[in-house]
Number of protein chains: 2
Amino acid sequence: MKKPFKKLDDSQQYHILTTAMAEFSAHGYKNASTNRIVGAAGISKGLLYYYFENKETLYLSTAEFAYDHFTTHLLSRFTTEAEGFIERLARLSKLKHLYFTQHPEIARFVTHMYYAEGLLERYQSKMQTLREWSMKSMYENVDMTLFRTDIDREMAMKMIGWTFEGYIKEMEQYFEAEGIDFDQVDTYFEQFDGYLDTMRKLYYKEV
Amino acid sequence: MKKPFKKLDDSQQYHILTTAMAEFSAHGYKNASTNRIVGAAGISKGLLYYYFENKETLYLSTAEFAYDHFTTHLLSRFTTEAEGFIERLARLSKLKHLYFTQHPEIARFVTHMYYAEGLLERYQSKMQTLREWSMKSMYENVDMTLFRTDIDREMAMKMIGWTFEGYIKEMEQYFEAEGIDFDQVDTYFEQFDGYLDTMRKLYYKEV
DNA sequence: CTTTACTTTGACCACTCTGGTCAACTTAAT
DNA sequence: ATTAAGTTGACCAGAGTGGTCAAAGTAAAG
């Protein structure tokens, strides 16, 4: 990353970097095309190389930006208040979902980083931190005594997690296919709360 | 597909077609490389074009073979006997899992076909049949009265499905990372049955 | 042996796309 | 008018593409 790029508007930096992220997550580092990036970003080839020394630097700058953005916008915004496991995961899921709709390219690129191998080795310790954070944020200060005692807790937690994953995935597929209709975003949250109630009935002790 | 290819051993046909499938599912039709295919299959470039008129025909032959193989090996092998929803889905999952371990390239290519758009339009009616079959095989002759009455059935079925998906996905990731150890395949099935018991406890009426 | 028909090879072709450069041009500030 | 920063797109060498084809190999028949 050269100095001229740092002098740009934040919004223009964001624009270029997220465009690059979309390309990188879609095709991986090697098969990503700088030509497509400049095309999609609406800048000339020369300008891209006026901003970045080469493809590799662009990729690494992109990774750094994504990591920082993700951590400051998502991790810092999350508190571990006392609550049940289902409520905890619900809050986490909503946060993730919100971040995904507001910054889809970054979110997708972060998951790409999560699994990518190759250039991102310098980030693997950071990724490890991420993994540990997601562990901690799932369990810390969670009241496990709410679970009914006749079923295995490990299993229960796994199944609850899979339920959230499945529901979110289904919603994403639905919105991707049909387009987001804001009337239906309401029913989306109603349904979500419905699942929450059901899960409490299934996994928690009777009151 | 030309006549010389049809004269080959079944095993050699299978070998070439599955190699092509791996390439196609990994990179999609357009970015798949015939050079990589011949390299991985261990045949010369000329021979591939002695067997197939061009890349497109290779792709379509591949699709036809995959579809036929999948339907005859999986669909035909499945019966809709009377049972509960959990047991039905467990059988379906085990079948899928078995097919996936025995014919991974075909399985992956079929999922590729499921979502691919472009050349496979002639197959979309067949894909629709597949979709209908998977609906039918999930519900036909299933005893729904086993469910407890205080939770929504639709939700219950969804959540059960997500649990199976999640468990299978986790197992695949584990086996991919650690390699398949046959001692652990046993514990795999024990665990699976454990989840079945738990699910019955969660979703079925008490006996 | 020779001939004939079927297989198989890999060098080769024209073409597209790649990451990256750079002289020329525009814009803004002095 | 001068200088410096910003921006363009034609251009390059190289890699990889789908596809061809003369040549070589193989096996059976006469």
Side-chain angles (χ1 to χ4, degrees), chain A residues 1-64 109 112 116 118-120, chain B residues 1-64 109 112 116 118-120:
Chain A
M1 188 193 308
K2 304 181 186 170
K3 316 110 214 173
F5 184 73
K6 293 174 190 158
K7 283 199 262 175
L8 291 179
D9 291 353
D10 280 3
S11 71
Q12 180 68 352
Q13 290 193 23
Y14 181 92
H15 170 65
I16 292 173
L17 289 175
T18 49
T19 310
M21 283 180 210
E23 176 72 15
F24 283 129
S25 348
H27 301 94
Y29 173 71
K30 193 156 194 190
N31 293 324
S33 158
T34 53
N35 290 316
R36 280 195 297 256
I37 292 175
V38 297
I43 63 174
S44 70
K45 190 75 173 290
L47 194 50
L48 181 70
Y49 283 89
Y50 180 60
Y51 290 151
F52 301 91
E53 24 278 297
N54 52 38
K55 193 185 180 183
E56 182 177 337
T57 318
L58 169 62
Y59 184 65
L60 292 175
S61 308
T62 277
E64 192 163 328
F109 189 78
H112 158 82
L119 281 175
L120 293 176
Chain B
M1 189 193 308
K2 304 181 186 169
K3 314 112 216 171
F5 184 74
K6 294 175 191 157
K7 282 198 263 177
L8 291 179
D9 291 354
D10 279 2
S11 71
Q12 180 67 351
Q13 289 194 23
Y14 181 93
H15 169 64
I16 292 174
L17 288 176
T18 50
T19 309
M21 283 180 210
E23 176 71 16
F24 282 129
S25 358
H27 300 95
Y29 172 71
K30 193 157 193 189
N31 293 323
S33 158
T34 52
N35 290 315
R36 281 195 296 257
I37 293 175
V38 297
I43 62 175
S44 70
K45 190 76 173 291
L47 194 52
L48 181 69
Y49 283 88
Y50 180 60
Y51 290 151
F52 300 92
E53 25 278 297
N54 52 37
K55 193 185 180 184
E56 182 176 337
T57 319
L58 169 63
Y59 185 65
L60 293 175
S61 307
T62 278
E64 192 164 327
F109 189 77
H112 158 82
L119 281 175
L120 293 175

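Within every chain, numbering begins at 1; the chains are lettered A, B, ... in the order of the sequence lines, protein sequences first and strands thereafter.
Nucleotides of DNA chain D lying under 4.0 Å from heavy atoms of chain A occupy a range whose first and last members, 5' to 3', are dA5(D) to dG9(D).
Closest heavy-atom contact between Asn31(A) and Glu23(A): O-OE2, 4.2 Å.
Across all strands shown, Phe52(B) has no heavy atoms under 4.0 Å from either base or sugar-phosphate atoms. Note on Lys7(B): only backbone sugar-phosphate atoms sit closer than 4.0 angstrom, heavy atoms only; bases stay farther off.
In terms of modelled atom types and a separation under 3.5 Å, the side chain of Asp9(B) and the main chain of Ser11(B) share no donor-acceptor contact.
Between Leu47(A) atom CG and dT27(C) atom P the separation is 14 Å, expressed in whole Å. In this entry the distance linking CD1 of Ile37(A) with P of dG20(C) reads 11 Å, nearest Å. Rounded to an integer number of Å, the gap from CD of Gln12(B) to C1' of dT8(C) is 12 Å. For the pair Ile16(B) CD1 and dT7(C) C1', the computed distance is 12 Å after rounding to whole Å. Tyr50(A) has its OH atom 16 Å from the P atom of dT27(C), to the nearest Å. With rounding to whole Å, Tyr49(A) atom OH is found 19 Å from dA23(C) atom C1'. The separation between Leu8(B) atom CG and dT8(C) atom P is 7 Å, rounded to whole Å.
How far CG of Leu60(B) is from NZ of Lys55(B): 12.0 Å, rounded to the nearest 0.5 Å. Summarising the geometry, atom OG1 belonging to Thr18(B) is positioned 7.0 Å from atom NE2 belonging to His15(B); distances are rounded to the nearest 0.5 Å. Interatomic distance, Phe24(A) CZ to Phe109(A) CZ, rounded to the nearest 0.5 Å: 6.5 Å.
Comparing Arg36(A) and Gly46(A) along DNA chain C, the residue whose closest nucleotide (by nearest heavy atom) sits nearer the 5' end is Arg36(A). A residue-by-residue look at Pro4(B) and Ser33(A) shows that Pro4(B) has its nearest nucleotide of DNA chain C further toward the 5' end.
Ranking dT9(C), dG19(C), dT7(C) by closeness to the Lys45(A) side chain, first place goes to dG19(C).
Contact annotation: Tyr51(B) side-chain N/O to dT8(C) OP1/OP2 distance is under 4.0 Å.
Side-chain contact between Tyr29(A) and Leu120(A) is absent, with no heavy-atom pair separated by less than 4.5 Å.
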Which pairs would a plain distance check flag for residues 41-51 of chain A, meaning a side-chain donor or acceptor within less than 3.5 Å of a matching protein atom at least two apart in sequence or in another chain?
unit_1	atom_1	unit_2	atom_2	d
Ser44(A)	OG	Leu47(A)	N	3.3
Lys45(A)	NZ	Asn35(A)	OD1	2.9

